Structures are given as C-alpha cells and as structure tokens.
Engineer: 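Below: one structure in structure tokens.
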Number of protein chains: 2
Amino acid sequence: MTTNNKTNENINTWISQINTEFKAAVSVDCVIFGYDENHLRVLLLESDMPPFEGKYSLVGDLCHPHENLDESAKRVLFERTGLKDVFLEQVKTFSDIDRHPLGRVITTAYYSLVKLNENLFRIEKENPKLKWKKVSSITELAFDHNVIFDNCVKQLRYRLRDKPIGFKLLPKKFSLKQLQNLYEKVLDIELDKRNFRRKLKALDLLVDLNENQSDVNHRPAKLYSFDPEKYENKRKKGFNFEL
Amino acid sequence: MTTNNKTNENINTWISQINTEFKAAVSVDCVIFGYDENHLRVLLLESDMPPFEGKYSLVGDLCHPHENLDESAKRVLFERTGLKDVFLEQVKTFSDIDRHPLGRVITTAYYSLVKLNENLFRIEKENPKLKWKKVSSITELAFDHNVIFDNCVKQLRYRLRDKPIGFKLLPKKFSLKQLQNLYEKVLDIELDKRNFRRKLKALDLLVDLNENQSDVNHRPAKLYSFDPEKYENKRKKGFNFEL
DNA sequence: CCAAAAGTGTTTGTAATACACCCATGG
DNA sequence: CCATGGGTGTATTACAAACACTTTTGG
C-alpha cells in the first residue's frame with residue numbers, strides 16, 4: 001500500500017514555507033589542489049571559529065544573493081589565489097544539521113586544480129593563515145571538512161583516469177616523466193615507463209614541441225603540451241579518455 | 001600577483017550574514033527511476049505552479065529544518081511511493097538565481113531506483129497528477145528540470161556499469177535475459193547474449209536459485225538472484241564491478 | 001669518463017569480440 | 001510437431017603487463 005499523502009500540497013504552502021523558517025545559509029567549500037612537481041597539495045586556512053580555533057579548514061564562503069554556486073566557488077578561488085579561469089568541479093553537497101557551529105549552513109563542495117608556482121606559494125607569506133599542505137599529511141580538519149576533503153580527493157582520483165585534467169596541474173610544457181610522476185603521486189600507484197609512454201602516444205593528445213629541458217645535468221627530456229582542441233574533436237567523435 | 005583580499009574576514013561577518021539576507025530556501029528533487037521489464041520510466045508530477053501549469057516536474061520538496069538532504073529525499077520518496085529503504089544517490093546541486101519562480105531556491109538532485117509493480121502503478125490512479133513516464137519520451141519539463149533530469153540519467157548510466165545497482169530495478173528473482181534487457185534498454189546498446197552470460201558467470205555475484213520461470217509458452221529460463229554479501233566481500237578485497 | 005635520467009621494442013598472457021546451433025516447454 | 005525463446009563453446013583479435021639496454025647531457 002502506498003501512502004501518497006501529498007495530494008494536499010499547493011503553491012501557498014510553498015510560499016509560506018519559503019518565507020519562514022524553511023531557509024538555510026548556503027556556502028561553498030573549495031578543495032584547491034596544487035601540484036609542485038613532487039607533491040599534491042591543498043590550500044587550507046587556519047580557522048578562528050570556535051570550537052575549531054587553530055584547526056585547518058577548507059577555503060569557502062557563503063553564497064551571495066546574486067551568485068549561483070559555481071560563481072561563488074569561482075569568487076572564493078579568485079579571492080584566495082588571484083586566479084581566474086581555473087578548473088572547478090562540483091562534487092557534493094553536505095547538509096547535516098549540526099555541521100556548522102553558527103547554525104544551519106548547507107555547503108556545496110568543489111575541487112579545483114592549479115599549477116603551483118612561486119606566485120602561488122607567495123600567498124602563504126601574504127596571509128600566514130593560508131598554507132599549501134601536502135595531501136598525504138592531512139589529519140584533523142575543522143567542521144566536517146575531513147569528510148568533504150576525502151570526497152574531493154576521491155573525485156579527483158576518479159576523474160584523473162577518466163578525463164584529461166591532469167594537465168591542469170602541470171606547466172604548459174612538460175616532459176612525459178613529469179606527467180607520469182603526477183599520475184603516480186596523485187593516484188599512489190606505480191606505472192611502467194614504456195607502457196605509459198606507448199599509451200600516451202596512442203591517445204594522440206599531446207603536441208611534441210620539439211623543445212628540450214635545459215639546465216639539467218643529464219640527458220634533457222623532450223617537452224610536450226596538451227592539445228585541448230584535439231581532445232575536444234576526438235571526444236565529439238565518441239573517443240573516451242582513459243588512463 | 002595575487003589579490004588575497006580576504007584577510008579581513010571574521011566570525012562576526014559570518015554571523016551577521018547568516019542571519020540576514022544571505023539565506024535561501026533549499027529543496028531536493030528526486031528522479032525516481034522504475035523499470036517495468038520493458039521500459040525505463042520516471043515518476044513525474046503535473047505542476048500547478050505558474051508559469052509551468054500542466055508541465056511535468058520531478059517530485060521534490062523543501063528541506064525541512066530538522067532534516068539533512070538525504071533525509072528529505074527519503075521522505076519525498078516515501079510520501080510519493082510509500083517505499084522505504086530505497087536506493088538513493090545524490091547527483092548535483094542546482095543554484096541558478098532565477099531557477100524557481102517563487103524566489104531563490106537551491107535544489108539538490110537525487111536519483112533512486114525502484115522495481116515497478118502493480119502497487120507502484122496504482123499511485124497513478126490514486127493521484128492522477130503522478131505519472132510513470134517513459135524516459136525515452138520525456139520532452140519539456142517544468143523549472144530547470146530537464147537539466148536536472150539529464151544529469152541524473154547520465155549518472156544512472158554511468159553507475160550502472162560501475163556498481164551493481166541494476167539489480168535494484170529488477171525483481172529479486174530474475175533471468176539472465178531480463179538482466180541483459182535491462183542493460184540494453186537503460187544504456188541503449190546491444191549486447192551479445194553469450195558474452196554477457198560469460199561475463200556474469202565470471203563476476204560470480206549471482207546465486208543460482210535452481211528455479212525456473214513458469215507460465216511461459218517456451219523453454220523456461222533459470223532464475224537467479226544477486227548476492228549483496230558476496231559483492232561486499234569481493235569489494236573489500238579490491239574487486240571492482242564493471243560491466 | 002662517470003653519473004643520472006631519457007628513451008626505445010618485443011614477448012607473453014588475458015580479456016573482448018564475433019558467431020550458429022541444439023534444447024525445453026506450451027499449445 | 002511446431003513456434004518460441006533459453007542455453008551453450010570456440011577461434012580470433014586487441015589490449016595490458018612485464019621486462020633491459022642504449023643514448024644524451026653536464027660536470
């Protein structure tokens with residue numbers, strides 16, 4: 001037997017509920033991943049909100065009245081890093097009633113990918129509460145941010161095999177070794193050099209720049225760049241990235 | 001150069017923002033998928049909200065103050081179908097400013113899977129505004145529900161290859177043909193009968209019930225059921241469902 | 001000429017694909 | 001005995017995995 005006791009709904013119920021207590025603050029939290037050729041890092045902020053003073057938290061903010069969530073996330077990212085046009089993907093929304101000490105705050109998690117450079121490390125100096133922490137070193141975060149963080153790491157690992165987003169963590173020009181390192185570090189696996197290179201050649205998404213590394217005291221590696229147009233064309237024809 | 005102009009944030013800003021205009025109504029929308037041995041269907045509700053009167057919409061409701069979003073979705077599902085313990089997965093949150101005619105409503109989409117039977121078809125009779133529509137027949141929905149719906153269909157198709165959720169759309173006892181049909185219909189592909197069966201045998205997740213179909217005017221098919229424990233054990237050992 | 005990392009092919013095993021006939025039941 | 005869908009095996013091909021030596025550069 002079905003209950004189906006919702007036949008009495010109507011617009012007025014909605015209007016009155018929307019305008020009374022059926023409201024919540026809405027926020028975004030961004031897991032900003034950066035890669036510095038050796039470690040996957042995440043930008044964290046030392047919290048000053050009781051009872052989490054001193055703990056690190058993800059960077060986030062309330063969703064402003066004139067923004068949708070994507071725009072809020074973009075703004076948070078810009079305010080914290082100065083970067084625009086950064087890769088951002090929504091992951092999940094977290095809504096447990098007591099997740100925030102100041103009241104009901106529903107938050108939507110995003111992760112984003114940035115190439116770490118000196119400019120970005122400088123933000124640690126400009127605001128000592130901001131830190132690029134190694135992902136492998138994360139322990140206890142403020143609020144429910146451990147759960148949010150874990151979800152985003154999982155999503156990143158999933159997507160990395162699924163979509164050509166790894167390139168967003170590397171400089172425009174990179175060697176195949178750098179790329180392989182990235183996959184090994186982020187996914188915590190080991191890859192066979194020759195098989196990895198054969199696979200990438202088969203994917204046919206990289207441009208050989210006919211340039212070499214310089215200033216290395218060993219044989220310099222050839223440099224490549226990722227060709228987004230080539231990928232887009234292939235994708236439209238039914239090609240699926242997989243690595 | 002980074003801007004990093006957020007160093008002036010503090011708790012009081014948050015408290016005042018949370019308690020003033022920085023609030024939104026929060027809702028869930030459920031894409032309830034049902035399978036009737038031939039068609040993938042979705043439960044839709046004829047809307048009475050201007051300017052969408054007569055258009056069909058997903059079933060949803062506001063998130064109540066004492067609920068998190070998962071609980072809201074479960075409640076919506078129960079109120080509409082009378083079912084508890086139904087598979088539900090959060091898909092994405094939609095937040096465009098003008099997405100709802102009554103004001104700012106941020107909605108989180110879920111999809112769920114139910115086995116269609118006479119009981120469930122009865123809800124169409126009890127509330128003539130509810131309809132189990134064929135997924136393949138969906139055209140224009142109310143609000144931004146086409147986008148939400150498309151996202152959920154995509155997620156379902158993705159998950160179906162990835163996790164053993166197809167069984168949730170079938171009766172407890174099913175034939176291999178029924179299972180194959182499900183995959184073919186939902187994913188809109190054709191599968192080779194022998195290869196499909198070999199693959200399922202290799203996965204080793206089904207229990208041979210030593211029962212046959214009855215009341216068919218041809219050779220009766222053997223019946224199987226899915227063994228969730230077996231799957232859980234294998235999953236823990238690193239096994240990944242893939243089909 | 002030495003150290004360090006770049007670059008390159010072949011073999012072997014495993015999984016995906018393609019494909020056609022006999023079987024059991026009800027009418 | 002006929003119609004209907006159920007059930008089964010093999011050969012071929014493509015992809016994944018394992019593996020070691022030569023090359024280029026800087027110091």
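Keep in mind it's a predicted model, so treat the numbers as computed, not measured. Order of the sequence lines sets the chain letters (A, B, ...), proteins ahead of strands, with each chain counted from 1.
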Engineer: Return the orientation label for the B:Phe241 and B:Tyr231 ring planes: parallel under 30°, perpendicular over 60°, tilted otherwise.
Structural biologist: perpendicular
Engineer: What residue pairs, at least two apart or across chains, pass ring pair (Phe, Tyr, Trp, His ring centres under 6.0 Å) with a residue in residues 166-212 of chain B?
Structural biologist: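 Checked against ring pair (Phe, Tyr, Trp, His ring centres under 6.0 Å) - neighbours excluded - the pairs reaching residues 166-212 of chain B are B:Phe167-B:Phe174, B:Phe167-B:Phe226.
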Engineer: Rounded to the nearest Å, what distance is computed from the NZ atom of residue B:Lys222 to the C1' atom of nucleotide D:dT8?
Structural biologist: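 Interatomic distance, NZ of B:Lys222 to C1' of D:dT8: 12 Å.
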Engineer: Looking only at non-hydrogen atoms, find the nearest pair between B:Ile165 and B:Leu113 and report the distance.
Structural biologist: O-CD1, 3.6 Å
Engineer: Can you measure A:Phe196 atom CZ to C:dA6 atom C1' for me and round it to whole angstrom units?
Structural biologist: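 One finds 14 Å between C1' of C:dA6 and CZ of A:Phe196, rounded.
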Engineer: Mind checking if A:Lys193 touches a base, just sugar-phosphate, or nothing, with heavy atoms under 4.0 Å?
Structural biologist: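 Base contact - A:Lys193 has a heavy atom under 4.0 Å of at least one base atom.
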Engineer: Distance check, rounded to the nearest 0.5 Å: B:Lys55 atom NZ versus B:Ser47 atom OG?
Structural biologist: 10.0 Å
Engineer: Could you tell me whether A:Lys133 sits above the aromatic face of A:Tyr56, with NZ or CZ closer than 6.0 angstrom to the six-membered ring centre and within 45 degrees of the axis?
Structural biologist: yes
Engineer: Write down the distance between OH (B:Tyr224) and P (D:dG6), rounded to a whole number of angstrom.
Structural biologist: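 My rounded result for the distance is 12 Å.
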Engineer: What is the distance, to the nearest angstrom, from the CG atom on B:Leu223 to the P atom on C:dT25?
Structural biologist: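 From B:Leu223 CG to C:dT25 P: 13 Å.
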Engineer: Locate the shortest heavy-atom distance separating B:Arg122 from B:Asn119; write the atom from each residue and the value.
Structural biologist: NH1-OD1, 3.0 Å
Engineer: Any donor and acceptor pair, going by atom type alone, linking the side chain of B:Ser95 with main-chain N or O of A:Leu69 inside 3.5 Å?
Structural biologist: yes
Engineer: Quick one: what's the B/S/- string for nucleotides 9-18 of chain D, heavy-atom cutoff under 4.0 Å, read 5' to 3'?
Structural biologist: BB------BB
Engineer: Between A:Leu200 (CG) and C:dA6 (P), how many Å, whole number?
Structural biologist: 15 Å
Engineer: What class does the angle between the rings of B:Phe149 and B:Phe33 fall in, given that below 30° is parallel, 30 to 60° is tilted and above 60° is perpendicular?
Structural biologist: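 It falls in the tilted class, 30° to 60°.
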Engineer: For the pair made of CZ in B:Arg197 and P in C:dA16, what is the distance, rounded to whole Å?
Structural biologist: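 Computing the B:Arg197:CZ to C:dA16:P distance gives 18 Å.
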Engineer: Could you grab the distance from atom CG of B:Leu58 to atom CZ of B:Arg80, nearest 0.5 Å is fine?
Structural biologist: 11.5 Å
Engineer: Figure out the CD/P separation between B:Glu211 and C:dT25, and round it to whole Å.
Structural biologist: 15 Å
Engineer: List every contact pair, protein side and nucleotides 24-27 of chain D side both N or O, where the distance is under 3.5 Å.
Structural biologist:
| from | atom 1 | to | atom 2 | distance (Å) |
| --- | --- | --- | --- | --- |
| D:dT24 | O2 | A:Arg219 | N | 3.2 |

Engineer: A:Gln178 has an atom CD; how far is it from atom C1' of C:dA5, in whole Å?
Structural biologist: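 Answer to the nearest Å: 13 Å.
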